[in-house]
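All remarks here apply to the structure that follows.
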Amino acid sequence: MGNENQPRTTLADLKEVGSRGCILDVSGDDAVAIRLMEMGLTEDEEIEVIGFAPLGDPIEYSIRGYRISLRSTEAARVSIRSI
């Protein structure tokens with residue numbers, strides 16, 4: 001479809017507080033991927049970076065009116081479109 005050669009952007013790529021994205025998908029079909037979707041990380045939801053732990057991990061996000069914290073490895077599984 002023309003964008004196969006472009007690198008995938010993930011939640012882990014958002015490096016500044018206030019950065020936002022629109023979720024495209026969650027990679028994988030294991031328990032972690034299912035849990036991420038159960039927590040509300042579903043297609044077309046907007047998500048915003050709220051803050052970072054002192055060493056940068058975990059990262060706090062705002063989605064659907066609540067806050068969640070994800071480790072960088074978990075955030076890297078969530079593909080986004082920056083907004």
Side-chain angles (χ1 to χ4, degrees):
M1 291 235 216
N3 63 354
E4 292 86 12
N5 295 329
Q6 294 178 354
R8 187 175 84 117
T9 302
T10 69
L11 279 180
D13 296 323
L14 299 179
K15 300 293 186 190
E16 296 181 18
V17 171
S19 299
R20 297 183 312 137
C22 184
I23 296 174
L24 299 174
D25 70 359
V26 176
S27 64
D29 61 357
D30 59 352
V32 173
I34 292 168
R35 184 67 182 135
L36 291 172
M37 289 184 279
E38 288 174 343
M39 290 191 307
L41 280 78
T42 57
E43 187 176 355
D44 295 329
E45 285 298 322
E46 287 189 24
I47 190 164
E48 179 179 356
V49 177
I50 300 298
F52 297 88
L55 297 177
D57 195 27
I59 307 161
E60 186 176 18
Y61 300 94
S62 174
I63 184 170
R64 297 179 181 247
Y66 68 94
R67 294 177 175 206
I68 61 170
S69 293
L70 300 176
R71 295 171 194 239
S72 296
T73 55
E74 296 164 338
R77 298 181 69 168
V78 183
S79 296
I80 61 162
R81 170 179 46 84
S82 295
I83 53 175

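Side chains are part of it too, since the values below use all heavy atoms of this structure and drop only hydrogens, waters and symmetry mates.
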Listed by chain and number, what are the side-chain hydrogen bond (donor to acceptor under 3.5 Å, both in side chains) partners of T42, not counting sequence neighbours? R64
Excluding sequence neighbours, so at least two apart, what forms side-chain hydrogen bond (donor to acceptor under 3.5 Å, both in side chains) with S72? D57
A side-chain contact here means heavy atoms from C-beta on lying under 4.5 Å apart; do L36 and L70 qualify? yes
Checking L14 against S82 for the side chain to side chain contact (heavy atoms under 4.5 Å, CB included) test, could you report, in this order, the C-alpha distance in whole Å, the side-chain angles of both residues, the deciding distance, and whether it holds? CA-CA 8 Å; L14 299 179; S82 295; 4.2 Å; yes
Sequence neighbours left out, cut at 3.5 Å: what donor-acceptor pairs do the side chains of residues 16-28 make with other protein atoms?
| unit_1 | atom_1 | unit_2 | atom_2 | d |
| --- | --- | --- | --- | --- |
| S19 | OG | E16 | O | 2.8 |
| R20 | NH1 | E46 | OE1 | 3.0 |
| D25 | OD1 | S79 | OG | 3.1 |
| S27 | OG | R77 | O | 3.3 |

same_hphob_cluster(L11, V32) at 4.5 Å side-chain heavy-atom cutoff: yes
Does a sphere of radius 6.0 Å around CG in D29 hold more than 12 heavy atoms from other residues, nucleotides or ligands, not counting ones at 6.0 Å or beyond? no
Mind checking side-chain contact (heavy atoms from CB on, under 4.5 Å) for T73 and listing every partner two or more places apart, or none if nothing turns up? R71
Mind checking what makes side-chain hydrogen bond (donor to acceptor under 3.5 Å, both in side chains) contact with E48, not counting sequence neighbours? none
Closest heavy-atom pair, T9 versus D13, reported as atoms and distance to 0.1 Å, is CA-OD2, 3.4 Å
Should V49 and I68 be regarded as members of a common hydrophobic cluster, given that ILVMFWY residues are connected when their side-chain heavy atoms come within less than 4.5 Å of each other, either directly or indirectly? yes
How many angstroms lie between atom CZ of R67 and atom OH of Y61, to the nearest 0.5 angstrom? 14.0 Å
If Ile, Leu, Val, Met, Phe, Trp and Tyr residues are connected whenever their side-chain heavy atoms lie under 4.5 Å apart, and connections chain through other members, are I63 and F52 in the same group? yes
Please report the interatomic distance CD1(I80) to CD(E45), rounded to the nearest 0.5 Å. 14.0 Å
